[in-house]
Amino acid sequence: METKKILLSGVKPTGRPHLGNYFAVMKQLVDLQNDYDTYVMVADYHALTSVQNAEEMRTLTHELVLDYLGIGIDPTKVTLFKQSAIPEHTELAWYFDCITTMPYLMRAHAFKDNEAKNKEINVGVFNYPMLMAADILIHDAEIIPVGRDQKQHIEYTRDTAEKFNNTFGDVFTLPKELIIESVEIVPGTDGRKMSKSYGNIISLFATDEEITKAVMSIVTDSGASIPEHVYNIHKLFRSEAQLVSLYEEKKGKYKDLKEALLADIIAFVTPMRARRAQFAAQPDLVASILKSGGDKARARAQKKMQTVRKLVGLE
Ligand code: AMP
């Protein structure tokens, strides 16, 4: 039997996922869970760079696990785990820190963006591409679904794997990003990339009231017959063929078009909410899913680290 390639994805538990996270990354996990040996990680070590309150971290982590289960991740097929269940991720990140130069990390977009905003960033944020490289390489993951903003970090991961392989011996598989062109940058309510920091998001598991508020706030350009930003979000939910006739019929009627989009979003998330609520009512089941995912992922990582430690000369 042919062994399946490993696909890995991680999202930080720093708040509710939005449509950008869902369509660019989370949806791919559900679509591909039968085709790849799929590892889904709640990136809690990464979240520590910004979430620095224990209770909040626990709550956000639990909520994100429910979100994954709600969208249709099948825990009998997918290895769902907390990053912190595998301290070896941070150990490997340290090895990578030691073969990586500061100027190289200073070229990372995320660092440059923060610097441009004059933000004081912590060392965790600066080193984040190395921990991300460790997350991927420790599991021999080959396919990494991401949005376009993460492309550079996958390049960093490949560079780091090559550097380590050349320095110590061939141990890491070079991964590839999986970017779906039509959703590589999902736009928000103001037409810019949907992002929490722009305040233009529509959260996937928001209430009807919250979704209504967000949809009604979509910026429209008075005078245009087609409200471009409404249309671009609507494209996520319907084929362009369907939309063309709807937008033709409702030309210039922005409110009607927003209401049509709203109805489509709510119809889309309703079954996910129901699935999420079923898991939310069974906290013991959720805990056992995370535990068995963590055990499986850790066993794999520990095996890999035995080889890595030998190559480095620590064993
Ligand atoms: P973040 O929450 O920014 O850490 O993003 C988690 C994942 O979602 C990353 O793979 C991002 O590339 C992806 N992502 C975030 N926002 C968007 C967006 N507006 N369009 C496409 N992908 C996105």
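Just so you know, ligand 1 is whichever comes first in the structure, and atom 1 is the first atom listed for that ligand. When reading the values below, keep in mind they use all heavy atoms of this one structure, side chains included, and skip hydrogens, waters and symmetry mates. Numbering of residues begins at 1 and proceeds along the displayed sequence.
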Chemist: Please report whether ligand 1 has a polar contact with V186, defined as an N or O pair separated by less than 3.5 Å (distance criterion only).
Modeler: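 Such a contact does occur with ligand 1.
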Chemist: Could you check if a side-chain atom of L137 sits within less than 4.5 angstrom of a side-chain atom of L174, using non-hydrogen atoms only?
Modeler: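 Of all side-chain heavy-atom pairs linking L174 with L137, none is under 4.5 Å.
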Chemist: Does a side-chain heavy-atom distance below 4.5 Å link Y39 with V78?
Modeler: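 SC-SC contact between Y39 and V78 ruled out.
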Chemist: I want to know if ligand 1 touches M194 in the polar sense, i.e. an N/O pair below 3.5 angstrom.
Modeler: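 The answer is yes, given that M194 and ligand 1 share an N or O pair closer than 3.5 Å.
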Chemist: Report, in ascending order of atom number, the atoms of ligand 1 lying under 4.0 Å from any heavy atom of E184.
Modeler: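 The atoms of ligand 1 under 4.0 Å from a heavy atom of E184 are 20 (N), 21 (C), 22 (N).
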Chemist: Nearest non-hydrogen atom to atom 16 (N) of ligand 1 belongs to which of H153, K196, Q150, H18?
Modeler: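 Checking each option, the heavy atom nearest atom 16 (N) of ligand 1 is found in H18.
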Chemist: Using a 4.0 Å cut-off to any heavy atom of V25, which atoms of ligand 1 qualify?
Modeler: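 Answer, ordered by atom number: 7 (C), 8 (O), 10 (O), 13 (C).
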Chemist: Could you tell me whether atom 12 (O) of ligand 1 has a protein heavy atom closer than 4.0 Å?
Modeler: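 Yes, there is one.
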Chemist: Suppose we measure from atom 14 (N) of ligand 1 to each protein heavy atom; which comes out shortest, and what is that distance?
Modeler: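 Ranked first by proximity to atom 14 (N) of ligand 1 is N21 ND2, 3.8 Å.
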Chemist: Counting only heavy atoms, which portion of V183 has something under 4.0 Å from ligand 1: side chain, backbone, both, or neither?
Modeler: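 It is the backbone that gets close, since no side chain atom is under 4.0 Å.
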Chemist: For atom 22 (N) of ligand 1, what's the nearest protein heavy-atom neighbour? Residue, atom name and distance, please.
Modeler: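 Heavy-atom neighbour on the protein nearest atom 22 (N) of ligand 1: A24 CB, 3.1 Å.
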Chemist: Verify whether the ring centers belonging to H46 and H89 lie closer than 6.0 Å.
Modeler: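 Here the rings of H89 and H46 have centres that are no less than 6.0 Å from each other.
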Chemist: Applying a strict under-4.5 Å side-chain criterion to I, L, V, M, F, W and Y, I'd like to know whether V312 and L131 cluster together.
Modeler: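 Unlinked, V312 and L131 end up in two clusters.
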Chemist: For residues 101-110, which side-chain donor-acceptor pairs fall under 3.5 Å, sequence neighbours excluded?
Modeler:
from, atom 1, to, atom 2, distance (Å)
T101, OG1, Y104, N, 3.3
Y104, OH, D159, OD2, 2.7

Chemist: Ignoring hydrogens and geometry beyond distance, is a side-chain donor-acceptor pair present between K296 and T79 at under 3.5 Å?
Modeler: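 T79 and K296 do have a side-chain donor-acceptor pair below 3.5 Å.
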Chemist: Distance to 0.1 Å, residue and atom name: give those for the protein heavy atom nearest to atom 23 (C) of ligand 1.
Modeler: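 Atom 23 (C) of ligand 1 sits closest to the protein heavy atom G20 O, 3.8 Å.
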Chemist: Any N or O of V146 that comes nearer than 3.5 Å to an N or O of ligand 1?
Modeler: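 It does not: no N or O of V146 is found under 3.5 Å from an N or O of ligand 1.
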Chemist: Would you tell me whether E88 and Q302 have side-chain atoms, one donor and one acceptor, within less than 3.5 Å of each other?
Modeler: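 Side-chain D/A pair, E88 to Q302: present.
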Chemist: Would you say D149 and ligand 1 have an N/O pair spaced under 3.5 Å apart?
Modeler: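 Between D149 and ligand 1, an N or O pair is found under 3.5 Å apart.
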Chemist: Within the 3.5 Å criterion, strictly below it, is a donor on E240 or Y231 matched to an acceptor on the partner's side chain?
Modeler: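 Looking only at side-chain atoms, Y231 and E240 do form a donor-acceptor pair, the distance falling under 3.5 Å.
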Chemist: Give me the atom names and distance for the closest heavy-atom approach of I233 to P187.
Modeler: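 Heavy atoms only, the tightest pair is CG1-O, 3.8 Å.
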Chemist: Answer with yes or no whether L19 contacts ligand 1, where contact means a heavy atom under 4.0 Å from a ligand atom.
Modeler: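 It does not; every heavy atom stays at 4.0 Å or beyond.
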Chemist: Please name the pair of heavy atoms, one in I71 and one in Y68, separated by the smallest distance, quoted to 0.1 Å.
Modeler: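 Distance-wise, the nearest heavy atoms are CG1-O, 3.1 Å.
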Chemist: Which residue and non-hydrogen atom of the protein lie closest to atom 4 (O) of ligand 1, and at what distance in Å?
Modeler: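 Scanning the protein heavy atoms, the shortest distance from atom 4 (O) of ligand 1 goes to K12 CE, 4.0 Å.
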Chemist: Closer than 4.0 Å to some heavy atom of I185 - which atoms of ligand 1 meet that?
Modeler: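 With I185 as reference, the close atoms of ligand 1 come out as 20 (N), 21 (C).
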